[in-house]
Every structure is written in C-alpha cells, then in structure tokens.
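Structure record follows, encoded as structure tokens.
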Amino acid sequence: DDASDDDDASDDDDASDDDDAFDDADDAAWIVNVTVFLTDLTFEGPLDISFEWLAPDGEAPEKEDKESGIATVDFSKGVGRTRRAVPSTAKTWWLEDPQLTKVKVETKDGGGVVERFGLREWGVKRGNRLALNGRVVKLRGWNHHTQWPGDVGMSPSEGDLDQDLGLLLRGGANYVRGAHYPQDQRWLDRLDDAGVAMWEEALGPDVDTKNTQDPTFMAFQAAQLEQMVLASANHPSIFVWGFWNEGPSGDEDACDGYKANVETLTHLDATRFVTWASDKGKKDKCLDKANAAGKRALVAFNSYPGWYSDDDPASFWNDLAAWTAATYPERPLVVSETGAGGIYEYDNKTKDVVKWSLAYQSDVLAQDVRTALANTNVSGITLWHFFDFKGNDKATADGPCDYRDDDPTICAYINVSDHRPGGENHKGVVDYWRRPKPAFDVVASLYKSAPQYEDVYSDDNTLLQNNKFIHKEGNPPLQAKK
C-alpha cells in the first residue's frame, strides 16, 4: 500500500500565546506538533505510526526514552497530525549551544524518515523585544545572497558553503537574512548546527500593486509560501518568514495582498514571526495588515542613511526605532538592510573620506552597527551585504572594470560614476572573491563586543546578569548560558 510509505515529517515546537511558556525551557517537558506526509495523497483514515527518539549524534535510541511508541494518527488527503512529548533528556536549542533533536517516524512496514529539529521558542519580551526561549536577544549579522565567483554561480559546493559560514562566524554574526528567495537546505543545516538565527523569505523582488491584485499572481505567491514553509519548517535557526522585499507597501491598494500573505504564513506556521523588508519607513501603509500574525508580527526596515541620503545614520535609526516603538509597541524591530559601498581596490590616500572609498564604507557601517546595538528598541540588524556580488543585466550593461593583466581579480581602473561600478554591488564587507575589506574587521569588532543576550529582569524578578540566570532562593536554577 503506497499509503504506508512516509514521505516526510515536520516537527515544530509547540506555540503558545503566553510569552513566558518557555522561560524554564531547559527544565520543561517539551511537546511538539508532528505532521506526517504520505506518498499517497489520497489516503483517508487512521494509520499506526511509530515514533522513536534518537540520540542527536547517531542512530542509537535516546537514553531513558519513555516517549517512543506507536500512535494511531488520522489522515486526510495523505496528511496526518499529532502531538508528541519529547524525552526529558532532549536539550534546548540556543544560539550559543545549538542542541538538535532527532525522531524516526515509520509506518508498520518500515517506510519512514528520520528528521532533526530544535527545541526552542522565539517570542516577545519586555514589550517589543525579540526573545529566544524567554531571553531577550540582540541579533546581528548580514544579508547573504546565493552567489559565488567563477563557474560556481548559484550552485555552491559543500566547501563554498563552509567558507562563507566560517567568514560570517569570524565576523561575529549570529544572524543571517537569506536574500531574496528560499534557501539551500544544506545552508540551513549549517546555520542550525552553528547556532545562527535565520530569516528566510519567498522570491519576490520588484512586486508592484498590480501584482498584489492579480488572482493568478497571488495564487502562485501562496503556493510558493507554502512550499518554502514545508521545505524548511524543521530548521530551528529560522525565526521569521518573509516576503516581497521592498514591495509596494506604501500604496494602500496593495495592502490586501500583504494581509493575504500574512494570513497564509500564520496559518502554515504559528510558531514563527512574519514580516517583509519595507523601504517605506513611516510611510508604510500596510503595517497594520500584519495584525493577523498577532504576537508574531515583526517590523523590518531597509534604508541607507549616509549612502543614498545625507541623513546621519544614528539620528535616522534612533528616530525610526522610537516611532516604531510608539506606533507598534508590541512588535520587535529589526534593521533588515543598511550599509554603504566600498570598492576593494579604493584605498583612498586623500585627506577627504569620499564615497566608494574603504574608509567611507567603514565609517557608515560603524555608525549603523553602533546605533542598532545600543538602541533598546532594535532587536537586530543585518547589514547589506556580506560580499560584493554581480548585479542584474541592467547593472552589468557597462561591462566589468578594467582588470590588471597580471591579476584578473584586481581592477586597475573602475568608473565610480556608475550606479553599479564594474557591474557589481560593492556593499560587501568582503569582496566578490571573499577577500575582507577594512569594514569587515570594524564590524566584527563591534559585533563581538556586544552580548547576545541583554540583562533584564524576568517576570519572577529573577535577575539576568552577565548572561546567566540568578534565581531567587527556593527556585530551581536554569542551566547557565554562555
């Protein structure tokens, strides 16, 4: 019977409207929602499903496992849902200690899969601050396209992925935004293992109001949102689903489309945040449509003060953060894009720090990062971009720079009057070939100097100092975190 072969199993940690449900996550008994997909999508009725919890580092059964066993699961159109308790020996997934959990799901004839996932909860604390397992967190990192030099393009090897992750960690990142499309599952696996938070979003740049009103477009949009969530639901690193980078959210006529996307994502996964990267700032007309996500609504802004405008970065971001906190006091805010360009070869020797020079880039990025890290209304920042990358056809129309004869990776001359000099976006802190610019060390120093978690009082007046819980007398202590 085709219905007996399990094709996939999805595990999400149980969502709760109570922000404090997982304050004592390490000591709590976790319950997970399990969705099982059969290869026969017409199957209807009950089916006995075996659940076996495995040790995270191998296939041997989890020690002291009392939760494995057989459950009768009702299926409709080949999909069955149940809830399972996790063994008490399972560990919680943290940024600094990314413990993973494995479960083997089988039917009686042995068809099945082994899935891994993480026990964690992303939520909101202190009004408008992003929290991981009840702890207020400050996320910092970069946007990351899927692009590599030479013949690699968008088909990286395991080594290519490892190299970029190594550079991100060396730069002090605990957060990556996947721009602007669903991500390679191998990349998400690495972020799970490394304890790096992830923003994943559906394909959707250059969406206009007409698209949002087109039933066919919106049907395909809903389909790709579902495909993204089903493909990536078991990755604990993902804390937010996104869509429509810099879309038409300044137009009220587009807001029904935004609402539809929010409702689709919230229906598919109520445990993660939902957002879009808006370049409209205070003029965004659709932010209220995120109300459908309830406490899982996240505000995210793209802007480039000091680069595309003469605004002072600190003043700009502090003002926008204050406005967001006043207007949406229960929503976390992240800076989803900001930065400045710096050409790898442009080691400016003049007294003036000018645009496109490496000194100018370092100065702007330092202001952006210092402001985001210091502002208590900002939960995270992803600079644009981690590496320099090739632009689209329009950007590359003028051709590449004039390369040196003795080194085809070094520009001898580049025209900085173009919007994309040499056909590249030069906002990376490493260049196209992954060679660090001065801004890399500047940002890395700032990122590494900031704690991942911020000192706060918990609801039971437990003081969090130096990223360790100090409990009141008589309360069982939580495991100390780095």
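Reckoned from all heavy atoms, side chains included, excluding hydrogens, waters and symmetry mates.
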Exercise for the section: Could you name each residue pair satisfying disulfide bond (SG atoms under 2.5 Å apart) that touches residues 383-447, not counting sequence neighbours? Expected result: C401-C411
Under 4.0 Å between a Lys/Arg side-chain N and an Asp/Glu carboxylate O for [X] and [Y]?
{"X": "D97", "Y": "K91", "answer": "no"}
{"X": "E121", "Y": "R296", "answer": "yes"}
{"X": "K448", "Y": "D441", "answer": "no"}
{"X": "K104", "Y": "E115", "answer": "no"}
{"X": "R404", "Y": "E345", "answer": "no"}
{"X": "E246", "Y": "K280", "answer": "no"}
{"X": "D208", "Y": "K210", "answer": "no"}
{"X": "R177", "Y": "E200", "answer": "no"}
{"X": "D162", "Y": "R190", "answer": "yes"}

Practice task
Would you sort out whether V176 and F386 count as a side-chain contact (heavy atoms from CB on, under 4.5 Å), showing the intermediate values?
Solution key: CA-CA 9 Å; V176 172; F386 186 60; over 6 Å; no
Handout entry: Heavy-atom closest contact (I238 atom, R272 atom, distance)
Key = O-NE, 2.7 Å
Kindly state whether the ring of [X] and the ring of [Y] have centres lying under 6.0 angstrom apart.
{"X": "H426", "Y": "Y432", "answer": "no"}
{"X": "F389", "Y": "W148", "answer": "no"}
{"X": "W244", "Y": "H180", "answer": "no"}
{"X": "F273", "Y": "W122", "answer": "no"}
{"X": "Y346", "Y": "W356", "answer": "no"}
{"X": "H145", "Y": "W384", "answer": "yes"}

Side-chain donor or acceptor of [X] paired with backbone N/O of [Y] under 3.5 Å:
{"X": "N133", "Y": "W93", "result": "yes"}
{"X": "S336", "Y": "F301", "result": "yes"}
{"X": "N174", "Y": "K138", "result": "yes"}
{"X": "S449", "Y": "L446", "result": "yes"}
{"X": "D284", "Y": "C286", "result": "yes"}
{"X": "Y258", "Y": "A290", "result": "no"}

Handout entry: Side-chain heavy-atom pair T266, V274 within 4.5 angstrom cut-off
Key = yes
Donor-acceptor pair between [X] and [Y] side chains, under 3.5 angstrom:
{"X": "W317", "Y": "N375", "value": "no"}
{"X": "N245", "Y": "N302", "value": "yes"}
{"X": "S157", "Y": "D160", "value": "yes"}
{"X": "E201", "Y": "W199", "value": "yes"}
{"X": "N128", "Y": "N377", "value": "yes"}

Fill in the blank from the handout: Interatomic distance, CG@D368 vs OG1@T338, rounded to 0.5 Å, equals 3.5 Å
Completion exercise
Checking V430, L168, T382, I381 against W142 for side chain to side chain contact (heavy atoms under 4.5 Å, CB included), the one that qualifies is L168
Exercise for the section: Walk me through it: do D192 and S237 pass the test side-chain contact (heavy atoms from CB on, under 4.5 Å)? Expected result: CA-CA 5 Å; D192 294 340; S237 55; 2.6 Å; yes
Practice task
Kindly write out the residues that satisfy salt bridge (charged side-chain N to carboxylate O under 4.0 Å, His left out) with R370, not counting sequence neighbours, or none if the list is empty.
Solution key: none
NZ or CZ of [X] within 45° of [Y] ring axis and under 6.0 Å:
{"X": "R140", "Y": "Y175", "result": "no"}
{"X": "K427", "Y": "Y304", "result": "yes"}
{"X": "K102", "Y": "W53", "result": "no"}

Exercise for the section: Carefully, step by step, assess W94 and Q452 under the rule side-chain contact (heavy atoms from CB on, under 4.5 Å). Expected result: CA-CA 11 Å; W94 295 89; Q452 290 198 109; over 6 Å; no
Handout entry: Parallel, tilted or perpendicular: ring planes of F387 versus H144, cut at 30 and 60 degrees
Key = perpendicular
Practice task
With salt bridge (charged side-chain N to carboxylate O under 4.0 Å, His left out) as the test, would you mind laying out the steps for D418 and R420 before giving the verdict?
Solution key: CA-CA 5 Å; D418 291 340; R420 297 280 186 247; over 6 Å; no
